[in-house]
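Working notes for the structure below.
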Amino acid sequence: MMMDEDDVDTSVKVPPELSAQLEVIFSRHHMQPLFDDVISKSNLNNYTSVTLPKNPFLINDDSFHNLSSICKVIQFLLSTQNKNKQSLLNTLSYSNGTFLVYLWSQIKSRITMWSQLPSLSEVMSVFVNCYDSLLITLDDSEFLNYPFHQEQCVEIVITLRDLVFDMYWNGCNDMNLRNDMTRLLSKLHSTDARLKYCKEGTFVVKSTENMDYKRFNGRDLLDDDLESDRDSEMTNNEHDEQHRPIPIQQQRYISLRNSMINNHESHVQFNENDYRSRIILILKNIPYVVPFETRVKAFSHFINLDKESLDDYYEGASNIRRQFIFEDGFAHFNRRGSNLKGNLLVQMINADGHLEAGIGQGVTKEFLIELAKVAFNPQYGLFNITPDQTIYPNPASHITQGDDHLSKFNFLGKIVGKAMYERILLDIPFAHFFLSKLLGNTNFFNHLKSLDPELHKHLITFKNYPGDVKDLDLTFTISDELLGTQIERELVPDGSNQQVTNQNKMSYIYRVSNHRLNTQIKEQSQAFMKGLAQIIPTPWLKMFDENELFLLMCGTVKFNVDDMENHTTYYEYSHDSPTIQMFWKVVKEFNEEQKRMLLRFWTSGSRPPLLGFKDMHPPLCIRNVVDTSRLPTSSTCMNLLKLPPYKNMEEIKKKILLAIMHGNEGFELT
């Protein structure tokens, strides 16, 4: 269950007198000089991220002891007052990147010096907290230039990957450090999904490639006895995000782990020899250390086992008017809840009020696909469209859809879940920041580029404003536009009276982004998520990031005809039959849209299976029907194409194109 940080006070209680003194210590005036002496001794303050030497100067033990002591002070300050935590992190993170570069140089130089590890943990903790804070408002265009260049970013990923995986696999007593490292690694993984600054497979642990997912089932992931970490991304008491870790080679850092837990008993609740429990722990906390294809296979395995355990539930066929497909679908099926996992029988009624021919899996597949097309169309009012042509919940849905708008989002969540449950791919351009919300994540500044590129551009300009931002006369408010009406919202309590300054401008940027990306669509996203979870348990979905979840829901647009041909079976034909040979030559000449239309005519879905046509169930089949005067027809419930033995390629192409153009207008025409 997610909760806002407003509901939880994680700060250490201190007397008011001490609290006032700590506020003074947190000021930039006092914090910046604290590090100047240590940093200057390494001469690193003269280097930029691009010119940093590959072998940074290693400070002596006395200087490193001073650095560790300072980091202990910072840790104490971060734990005592949430009110000023972000201010301190901003002070450290935005000091031209010097402090972060300096900390990383010491970590990199000492990471194999086992005797230094007890003190290194404090340095590592401050580093990951500061870098994590910086990434919240660091634009993608800045990422590989400030404070680290690409080579250093990859080094950081590899180091954190190895450490974090070992902490989860072998156990760790320092949960706070592990959680902080996990959170940073998660952000770096998310950034890599956009920028591809790492080589493919960098985040995957090689030893997980042969993971035996059949040794457990999806219910194991629902067990709260195993440890699963969820920490808040921000310190402003407004975030609720699921944090996921990242990949690692455990053998390299077993000694490091032993040093860091200081010989205390591990808090991880599993038997050290229990492979099954460890894999479950990995999938719950750091799933992307496991290859994507392996996780997809595990996901399918969980669903197959779940289907075997379903109680018998049967309802007769529901009549659905094609012209009112969403309204009728909502009326008939919303009340079924998780019983929607069972058989769903639909008969379509055409525009003339007549029942269309056909009933079964093919019609149900078409019903789900067509309902989704209607409901997710921005013209319907439940969803809006971004400038890059992706969709997200309409913040004004309560106006366009009335009081039951959240029930409709809940229903659509169940529809998407049902499609995933039946391995039906939906051709819906979901915005990735919306999919991120479905995973329980909090979106950040970089996601704003998709939703509102103009606002994103203005905030970058504002962040780099060289003067005093007080001159801009901004307050902690934002103006929402709902169907042409401007409504002013406060970003913090009494925000209209709180001026934006150079000291709090990073908080302002965050809060503006958070409002647009998270707060405005919170209710709609949660309703959708609850409906989806009735069909697909959320922990199963959290094995994937938002990019992977999109592929899981919608498949890939890449169409490999050779793969399609290699995994097609035949009835009263063979692959060597002249008609079949000509058929595949014709298909390979089709454009992408014609290929998609053929697949939809054949299977009711226009997207290839995620892992290729080998994963199509039932497999594609072409059957010989002798009457060459007929157009090709199909039985989509069986993925069966009924193809007459036409004599030449011209006739095959003409008849197929006629069939797929008219047949896609309704199931009864196939």
Side-chain angles (χ1 to χ4, degrees), residues 322 348 350-352 354-367 369-370 373 424-427 555-609 612-670:
R322 190 172 289 277
M348 303 300 296
N350 63 23
D352 297 324
H354 300 135
L355 284 175
E356 296 181 3
I359 186 172
Q361 294 180 5
V363 183
T364 300
K365 187 192 303 184
E366 187 203 9
F367 161 73
I369 292 172
E370 293 302 315
K373 283 183 180 179
I424 298 171
L425 299 174
L426 301 175
D427 191 4
T556 175
V557 295
K558 297 178 182 178
F559 208 111
N560 188 330
V561 177
D562 289 333
D563 181 53
M564 188 178 183
E565 180 180 4
N566 291 336
H567 294 94
T568 297
T569 60
Y570 304 95
Y571 183 77
E572 296 181 348
Y573 273 132
S574 72
H575 184 266
D576 296 327
S577 300
T579 300
I580 297 301
Q581 291 293 307
M582 290 187 289
F583 168 80
W584 288 116
K585 288 180 181 179
V586 166
V587 174
K588 290 174 183 178
E589 293 176 357
F590 281 171
N591 59 38
E592 291 302 308
E593 181 60 27
Q594 289 169 334
K595 292 173 185 176
R596 287 162 62 90
M597 290 176 65
L598 171 62
L599 185 61
R600 180 168 180 255
F601 176 82
W602 196 340
T603 69
S604 285
S606 61
R607 296 241 177 173
F613 285 96
K614 68 179 185 297
D615 203 40
M616 178 71 78
H617 297 284
L620 296 174
C621 182
I622 301 178
R623 177 179 179 177
N624 187 340
V625 289
V626 295
D627 188 355
T628 56
S629 65
R630 297 176 52 191
L631 292 177
T633 58
S634 65
S635 295
T636 55
C637 58
M638 296 182 289
N639 294 333
L640 176 66
L641 177 65
K642 301 171 185 177
L643 180 68
Y646 303 122
K647 300 304 181 184
N648 56 69
M649 289 182 60
E650 291 75 16
E651 185 179 14
I652 290 176
K653 184 173 183 178
K654 178 182 177 181
K655 295 289 182 67
I656 289 177
L657 288 176
L658 280 172
I660 64 178
M661 284 190 293
H662 293 291
N664 281 328
E665 295 175 358
F667 181 85
E668 64 178 339
L669 296 179
T670 66

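Side-chain contact between E565 and K588 is present, with heavy atoms from C-beta onward closer than 4.5 Å. No side-chain heavy atom of P619 sits less than 4.5 Å from a side-chain heavy atom of H567. Side-chain contact between P644 and V625: present, with at least one pair of heavy atoms (C-beta onward) separated by less than 4.5 Å. In this structure, E651 and M582 have side chains that are not in contact, with every pair of non-hydrogen atoms separated by 4.5 Å or more.
Going from atom CD1 of I652 over to atom CG of L657 covers 11.5 Å, rounded to the nearest 0.5 Å. Rounded to the nearest 0.5 Å, atoms OH (Y571) and CG (N624) are 10.0 Å apart. Atom OG1 of T633 and atom CG of L641 lie 7.5 Å apart (nearest 0.5 Å). For the atom pair CG (L598) and CZ (F590), the distance works out to 6.5 Å, reported to the nearest 0.5 Å. With rounding to the nearest 0.5 Å, the separation of CG in L425 from NZ in K365 is 9.5 Å. Y646 contributes atom OH, which lies 5.5 Å from atom CG of L631 (distance to the nearest 0.5 angstrom).
For T603 (side chain) and G605 (main-chain N/O), a donor-acceptor pair under 3.5 Å exists by modelled atom type. For the pair N639 (side chain) and P618 (backbone), a donor-acceptor distance under 3.5 Å is present. Judged by distance alone, the side chain of S634 and the main-chain N or O of F601 form a donor-acceptor pair under 3.5 Å. With hydrogens and angles ignored, the 3.5 Å screen pairs a side-chain donor or acceptor of T569 with a backbone N or O of L620. D352 contributes no side-chain N or O that, together with a main-chain N or O of H354, makes up a donor-acceptor pair within less than 3.5 Å.
Across H575 and Y570, no two heavy atoms sit closer than the pair CD2-OH, 3.4 Å. Residues P645 and T579 approach most closely at CA-OG1, 3.5 Å, considering heavy atoms. Smallest separation of non-hydrogen atoms from L643 and Y573: O-OH, 2.9 Å. Scanning all heavy atoms of the two residues, the minimum distance from R607 to G555 falls at NH1-O, 3.5 Å.
Here salt bridge (Lys or Arg N to Asp or Glu O under 4.0 Å) pairs that include residues 614-641, with residues two or more places apart or in two chains, are R423-D615.
Applying the side chain to side chain contact (heavy atoms under 4.5 Å, CB included) criterion to K585, with sequence neighbours excluded, gives M649. Under the salt bridge (Lys or Arg N to Asp or Glu O under 4.0 Å) criterion, E592 pairs with K595, sequence neighbours left out.
Salt-bridge formation is not detected for the pair K373/D427: no Lys NZ or Arg NE/NH1/NH2 atom is positioned less than 4.0 Å from an Asp or Glu carboxylate oxygen. The residues R600 and E593 are annotated as not salt-bridged, no charged nitrogen and carboxylate oxygen being separated by less than 4.0 angstrom.
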Any chance you could lay out the side chain to side chain contact (heavy atoms under 4.5 Å, CB included) test for R322 and E356, step after step, and finish with the verdict? CA-CA 10 Å; R322 190 172 289 277; E356 296 181 3; 2.7 Å; yes
Run the side chain to side chain contact (heavy atoms under 4.5 Å, CB included) check on F613 and L599 step by step: do they pass? CA-CA 11 Å; F613 285 96; L599 185 61; 3.9 Å; yes
Passes side chain to side chain contact (heavy atoms under 4.5 Å, CB included), K653 versus Q594? Steps please. CA-CA 11 Å; K653 184 173 183 178; Q594 289 169 334; 5.6 Å; no
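Within 6.0 Å of NZ in K647 there are 12 or fewer heavy atoms belonging to other residues, nucleotides or ligands.
In this structure, F583 and W602 have perpendicular ring planes: the angle between them is above 60°, well past the 30° mark.
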